[in-house]
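Here is the structure we will look at.
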Amino acid sequence: MDTVELPVVVGVDGSDAASDALDWAAELAGRRGLPLRVVHASLWERYEGYIPGTSADRPAERLHSEAVLATAAERAGRRVPALKVMTDLAADDAVTALLRAGQSAEALVVGSRGRGEFASLLLGSVGLGIAARALCPVVVVRGRPENVRGGMNRVAVGIAERERPGDQEPAPPSAAVAFALREARLRGGELEAVHAWRCAGPEDHGAREGHGRREERRGREDHGGREEHRAHEGQGAREAHTRRAAELLDETLGGASAAGLPPVPVAHRPVEGSARKALLDASAHADLLVVGARRRQGHFGMQLGLVNHAVLHHARCPVAVVPVS
């Protein structure tokens, strides 16, 4: 039986940000040999706070929506000539329409801002709402022009701490890693795997020590060994964290290779510090930053996490949020 080809879906509203998203989505669909579905929600302007002067005239509003779709389809066809383009005028608000379209999509692509009165925000309400709830990968097209255009020849992916005992068999690649690997392969670029870790300070270690250990520690410090002991303890912990991070990256990406994916040049980057800073730094020299977002069954609120929220607002390249069950 033939496999059903899921399209790449992109939301458009006639704004410059949506045009950037359209170009990005067309190229993604072209690389993957998939059709492109262009969606315009007829309530988009109201949702973003922008009301056209002819909003009372329903036929005129529909003509405007049809013109937005026709212009977008023509632009996508010029961008990728062999691309199959479909259009969809949805009589709904943008988030609802795109989440529905995403139920049968390879990926959802949106711009970082809408055309409404809140266009000055770092991330529009549509992009944030979709990234937090969609069941398929969501790409928010944002960042510097050179990153959006794909001039870095690199895809970065955030690798989270494993949640299973280390003595089990290597896990298959996460959905985020698989998405990043495929993009890097199709682009002919490098994959940078980023894992951030923090080394607990002496105060953190002391909070976990028993009374006897603390007395012994005070004794050493009273004999003038405090600074030396702290330096030795901190160095040992740092080396242990570095080894653990390197092992995690090896294991995660080794699992991806074992899954039969074509080889991709991979740079392992364990970083001491916050995950937020490590990923934002990686975004400066990447064409795409890929992060995973856990989706909890039966939970209907915003499911992003603080780190993902930060990169969606501040990354210097497009961000793909890949749901993880």
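Basis for what follows: all heavy atoms, side chains included, without hydrogens, waters or symmetry-related copies. Quick caveat: nothing in here was measured; it's all calculated off a predicted structure.
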Roughly how far, to the nearest 0.5 Å, is [atom2] of [Y] from [atom1] of [X]?
X	Y	atom1	atom2	result
R37	T87	CZ	OG1	9.5 Å
N308	R294	CG	CZ	11.5 Å
H40	L98	NE2	CG	11.0 Å
L36	L22	CG	CG	6.5 Å
E192	L289	CD	CG	9.5 Å
L28	R187	CG	CZ	8.0 Å

>> Taking the basic N atoms (NZ, or NE/NH1/NH2) and the acidic carboxylate oxygens, is any pair closer than 4.0 Å for E183 and R32?
In response: yes
> Salt-bridged, R182 to E106, with N to O below 4.0 Å?
Replying inline: yes
[Y] side chain reached by [X] side chain, heavy atoms, under 4.5 Å:
X	Y	answer
V291	V307	no
L280	R276	yes
L288	F179	yes
C317	M152	no

Check: [X] side chain, [Y] main-chain N or O, donor-acceptor pair, under 3.5 Å:
X	Y	answer
H195	I159	yes
D287	V155	no
T96	D92	no
D23	R79	no

> Does a donor on one side chain and an acceptor on the other come within less than 3.5 Å for D16 and S19?
Replying inline: no
>> Testing the 3.5 Å rule here: is there a donor-acceptor pair between the side chains of H285 and R154?
In response: yes
> Under the side-chain hydrogen bond (donor to acceptor under 3.5 Å, both in side chains) test, which residues partner R149, sequence neighbours left out?
Replying inline: none
> side-chain hydrogen bond (donor to acceptor under 3.5 Å, both in side chains) with R144: which residues, sequence neighbours excluded?
Replying inline: N147
Cluster overlap [X] with [Y], hydrophobic side-chain contacts below 4.5 Å:
X	Y	result
L34	V139	yes
V157	L186	no
V95	V319	yes
L128	L279	yes
V290	V148	yes

Search all heavy atoms of [X] against all heavy atoms of [Y] and return the closest pair with its distance.
X	Y	answer
L69	V39	CD2-C, 4.2 Å
S104	P7	O-CD, 3.4 Å
A196	G273	CB-O, 3.6 Å
G127	V140	O-CG2, 4.4 Å
A29	L83	CB-CD1, 3.7 Å
A184	V264	CB-CG1, 3.7 Å

> Please walk me through it: do D20 and R142 pass salt bridge (Lys or Arg N to Asp or Glu O under 4.0 Å)?
Replying inline: CA-CA 8 Å; D20 290 341; R142 57 162 298 111; over 6 Å; no
> So V141 and V109, side chain to side chain contact (heavy atoms under 4.5 Å, CB included) or not? Walk me through it.
Replying inline: CA-CA 7 Å; V141 179; V109 183; 3.6 Å; yes
>> As a quick check of understanding, evaluate side chain to side chain contact (heavy atoms under 4.5 Å, CB included) for V110 and W24, giving each step before the final call.
In response: CA-CA 9 Å; V110 294; W24 206 97; over 6 Å; no
> Going through the checks in order, is the side chain to side chain contact (heavy atoms under 4.5 Å, CB included) test met by L89 and S42?
Replying inline: CA-CA 7 Å; L89 176 55; S42 62; 4.2 Å; yes
>> For D281 and K277: C-alpha separation, side-chain torsions, deciding distance, then whether side chain to side chain contact (heavy atoms under 4.5 Å, CB included) applies.
In response: CA-CA 6 Å; D281 287 348; K277 184 178 186 306; 2.8 Å; yes
